[in-house]
Amino acid sequence: MIQKVLVANRGEIAVRIMRSCREMGIKTVAVFSEADRSSMHVRYADEAYFIGAAPSTESYLNIDKIIGVAKQSGADAIHPGYGFLSEKASFSERCAAEGIIFIGPSAYAISTMGDKITARKTMIAAGVPVVPGTTDKVTSEKEALAAIKEIGLPVMIKASAGGGGKGMRLVKRDKDIVGSLRAARSEAASSFGDDSVYIEKYIDSPHHIEFQILADKHGNTVHLFERECSVQRRHQKVVEETPSPIMTPEKRIEMGNAAVAAAKAVNYSGAGTIEFIVDDNLNYYFLEMNTRLQVEHPITERVVGVDLVKEQINIANNLELTFKQEDLRQHGHAIECRVYAEDAENNFMPNPGLIRHLTEPYGFGVRCDGYVYEGYTIPIYYDSMIAKLIVWGENRDEAIERMKRALFEYKITGVKTSIRFLSRIMDAPDFRSGRYTTHFIENNLPFLLAEGDFDGKGAQLYEDVAVMVAFFDYQSRLTAKTLRWAPLKSSIWKHIGRRKANTEM
Ligand code: ADP
């Protein structure tokens with residue numbers, strides 16, 4: 001049985017994994033880069049080891065260093081989290097070769113699903129519907145023109161090694177085919193070191209719906225229902241919810257079965273996600289499989305009542321799943337908002353920096369998976385997501401109101417965040433209707449970025465006051481007797497409360 005887990009990641013996901021380990025009595029080992037010396041995951045772990053300079057190629061992607069730490073610390077397993085090494089087949093293989101348990105699927109499953117062209121072929125063979133398009137890679141302009149003639153415009157040109165919304169080009173007009181093909185291939189080559197691309201039909205106004213899978217090493221595979229992930233910006237998810245507001249009970253069974261078949265086709269073990277693109281008539285097509293834990297996994301945990309990280313560890317320990325498909329139910333509704341340190345009004349520019357003040361939301365039905373704290377400086381080197389806010393409600397309406405309440409309570413000063421933008425999403429009529437597509441954000445941008453008292457309850461006003469208070473507080477401390485900056489021992493809010501109570505100040 002696994003006794004000690006090295007978490008080869010940082011940020012909120014590293015902390016989230018360590019939390020489950022702690023509950024299971026498993027010791028944890030953190031690795032950290034130069035930029036992460038004071039990061040939360042380093043403080044949370046039982047042991048922490050420095051692995052290199054800030055750029056991830058020198059630290060979080062450095063397989064030799066990470067394996068070295070695993071050996072030095074006596075970790076018997078490695079959890080890769082998401083991103084970084086989580087979908088590198090060579091890392092899974094290396095762990096196996098070194099006698100370290102990789103908490104994830106086999107190298108074979110990762111590499112088959114990691115190459116989108118191979119994945120498409122495997123799905124076709126397994127009888128899972130894929131988006132109509134080419135089954136082989138397209139190298140010449142002639143091939144591309146012939147394929148597009150058959151598929152019909154509009155089409156997507158996609159990198160076989162793609163991910164994170166990169167290496168994708170939408171083509172609507174004949175005259176753009178050649179330029180887009182070249183652009184997609186060169187972006188694929190520079191981002192992934194592989195210029196293979198394929199072409200698929202562009203599904204108009206689609207929904208992105210994915211199914212969570214768990215499979216043990218004894219042939220048991222179940223799905224934990226769907227997540228609706230159509231609130232996207234530049235093909236990246238921003239808000240996710242479950243159940244999907246457009247799903248029907250019959251489709252859920254049909255798509256769930258297809259997802260299980262997809263996982264079985266690669267002998268999958270562990271937690272994974274089958275992503276589908278779905279049109280308005282609920283026709284669904286396999287997009288890709290993510291062979292790891294997803295960012296948005298907590299909404300499934302909340303609605304189904306399963307700790308996915310514990311299940312991953314149990315599966316890695318060769319244990320059988322303790323439930324069957326018919327034991328699983330969806331209870332209530334969960335929504336996740338990804339909170340970024342970014343400036344929504346300024347083209348969503350990342351805005352890393354010092355967190356001066358932080359109040360996270362609590363209360364019934366609220367989970368906040370974060371890693372930043374007051375006085376922490378968000379490094380510039382990594383993803384600017386600082387937390388995931390997850391709420392649960394008895395039904396969708398209650399979940400939306402609870403999310404709005406939690407976003408209202410969430411106060412961060414020092415860096416700009418997407419909190420206000422997320423609250424606007426909760427208010428948008430298209431989101432409320434539940435019938436939104438992947439174009440929701442682009443179609444609603446003026447509403448989502450509008451100024452003013454956005455929820456009628458004074459949240460915007462409150463935020464403005466917070467900024468003003470912070471500014472005057474800063475000024476007053478600068479002009480104190482010594483004329484030196486006097487750091488506060490407690491938060492600004494506490495300080496102001498104390499001042500009010502203490503009239504001689
Ligand atoms: P990545 O691996 O880069 O995340 P995906 O294949 O998962 O790429 O697609 C990401 C998103 O791009 C989807 O959620 C969807 O919004 C959009 N997309 C991808 N393929 C299509 C398609 N054929 N038609 C319409 N939209 C698509």
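When a ligand or atom number is given, it counts from 1 through the structure's own listing order.
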Inset, instruction - Quick one: look up the protein heavy atom nearest atom 3 (O) of ligand 1 and list residue, atom name and how far away it is. - result: G165 N, 2.6 Å

Legend entry - Under 4.0 Å to a heavy atom of T438 - the qualifying atoms of ligand 1, by number: 16 (O)

Inset, instruction - Please say whether the positively charged group of R10, taken as NZ for Lys or CZ for Arg, lies over the ring of F32, i.e. under 6.0 angstrom from the six-membered ring centre and within 45 degrees of the axis. - result: no

Inset, instruction - Give the numbers and elements of all ligand 1 atoms closer than 4.0 Å to a heavy atom of K116. - result: 1 (P), 2 (O), 3 (O), 5 (P), 6 (O), 8 (O)

Inset, instruction - Give me the ring orientation class for F211 and F276: parallel if the planes are under 30° apart, tilted from 30 to 60°, perpendicular past 60°. - result: perpendicular

Legend entry - By salt bridge (charged side-chain N to carboxylate O under 4.0 Å, His left out) - contacts of D176 (at least two apart): R173

Inset, instruction - Tell me which part of K201 gets within contact of ligand 1: side chain, backbone, both or neither, using heavy atoms under 4.0 Å. - result: backbone

Inset, instruction - Do me a favour and list the nearest non-hydrogen protein atom to atom 16 (O) of ligand 1 with residue, atom name and distance? - result: Q232 OE1, 2.8 Å

Inset, instruction - Measure the distance from atom 19 (C) of ligand 1 to every protein heavy atom, then report the residue, atom name and distance (to 0.1 Å) of the closest one. - result: K158 NZ, 3.3 Å

Inset, instruction - Anything under 30° is parallel, anything over 60° is perpendicular, the rest tilted; go ahead and classify F440 against F431. - result: tilted

Inset, instruction - Starting from atom 10 (C) of ligand 1, find the nearest protein heavy-atom neighbour and note its residue, name and distance. - result: M168 CE, 3.8 Å

Legend entry - Test item, K237 contacting ligand 1 (heavy atom, 4.0 angstrom): no

Legend entry - Subset of ligand 1 atoms that lie under 4.0 Å from at least one heavy atom of E200: 20 (N), 21 (C), 22 (C), 23 (N)

Inset, instruction - Write out the residue and atom name of the closest protein heavy atom to atom 18 (N) of ligand 1, then the distance separating them to 0.1 Å. - result: M156 CE, 3.6 Å

Inset, instruction - Could you list which atoms of ligand 1 come closer than 4.0 Å to a heavy atom of E275? - result: 7 (O)

Inset, instruction - Give a yes-or-no answer on whether the side chains of E254 and Y284 include a donor-acceptor pair shorter than 3.5 Å. - result: yes

Inset, instruction - Using the test side-chain hydrogen bond (donor to acceptor under 3.5 Å, both in side chains), find all partners of D279 that sit at least two apart in sequence or belong to another chain. - result: N283

Legend entry - Modelled atom types, side-chain donor and acceptor of N9 and Y82, under 3.5 Å: no

Legend entry - Closest protein heavy atom (residue, atom, distance) for atom 27 (C) of ligand 1: I277 CD1, 3.3 Å

Legend entry - Ligand-residue contact atoms, ligand 1 with H208, heavy atoms, under 4.0 Å: 13 (C), 14 (O)

Legend entry - Contact (N/O only, under 3.5 Å) between I203 and ligand 1: yes

Inset, instruction - Would you tell me whether R227 and S244 have side-chain atoms, one donor and one acceptor, within less than 3.5 Å of each other? - result: no

Inset, instruction - List the closest protein heavy-atom neighbour of atom 17 (C) of ligand 1: residue, atom name, distance to the nearest 0.1 Å. - result: H235 ND1, 3.5 Å

Inset, instruction - Indicate whether the side chain of R16 and that of S20 have a donor and an acceptor atom separated by less than 3.5 Å. - result: yes

Inset, instruction - Looking only at non-hydrogen atoms, find the nearest pair between Y198 and A159 and report the distance. - result: CE2-O, 4.1 Å

Inset, instruction - Name the option, out of H439, E288, M289, that contains the heavy atom nearest to atom 7 (O) of ligand 1. - result: E288

